[in-house]
Amino acid sequence: MKPADDFNNRLEEAIKHPKNLGELEGADVVGTVGSEDCGDMLRMWVKFKEIDGKRVIDKATFQTFGCGTAIAVASVATELISGKTVEEALTMSGEDLSAPLGSLPPLKIHCAQLVEEALRSALAPDAQAPEQKNVAPTLLQRMQSPAQEKRKIVLGPSK
Ligand code: FES
């Protein structure tokens, strides 16, 4: 099997059966980002637990208005960061987070960066609990809220 076939199979599997999809009940923090490249959005919830006096990621989940690659990367990324400390998770690049899928095609690298940015947003020192941020229950509801009417979508150069 060629590497491209291998990548496509892993991608297809992760899109068909995404792990950790949906809102995370009892999440400690949430991060939401949008891509200027494509206008897609991704939200990530993270819940922590203590192990041997260390605060580690217990579980992470996501929702996205994104392409299949963003879904696939978020799926594998939420599995990869489980058990890591915030510091460890923050050392991971989009490339690290998408590594289980294989090398992304150049046009899809920003999809992994969207996942990385959502993770960074959720793990930022000033990240707050979902209810403190007055986050709408779903990404769709957030997009439909009046505050979003002023959203300006900036389209990047065509690639
Ligand atoms: Fe927008 Fe993939 S094309 S996240």
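Atoms within a ligand are numbered from 1 in the order they appear, just like the ligands themselves. Position 1 is the first residue of the sequence, and the numbers go up from there.
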**Q** Counting only pairs under 3.5 Å, give me each side-chain donor-acceptor contact of residues 50-61, with atom names and distances, residues two or more places apart or in other chains.
**A**
{"residue": "K59", "atom": "NZ", "partner": "N20", "partner atom": "OD1", "Å": "2.8"}
{"residue": "T61", "atom": "OG1", "partner": "G22", "partner atom": "O", "Å": "2.7"}
{"residue": "T61", "atom": "OG1", "partner": "L24", "partner atom": "N", "Å": "3.4"}

**Q** I'd like to know whether CD of E88 has more than 12 heavy-atom contacts from other residues, nucleotides or ligands below 6.0 angstrom.
**A** yes

**Q** For the residue pair T69 and L11, what are the closest heavy atoms and their distance?
**A** CA-CD1, 4.0 Å

**Q** Between V30 and P130, which heavy-atom pair has the shortest distance, and what is it?
**A** CG1-CA, 3.8 Å

**Q** Can you tell me how far the CZ atom of R43 sits from the CD atom of E23, to the nearest 0.5 Å?
**A** 7.5 Å

**Q** Below 2.8 Å, which protein N, O or S atoms neighbour atom 2 (Fe) of ligand 1, ignoring water?
**A** C67 SG, C111 SG

**Q** Could you tell me which non-hydrogen atom of F48 sits nearest to which non-hydrogen atom of L123, and how far apart they are?
**A** CZ-CD2, 3.8 Å

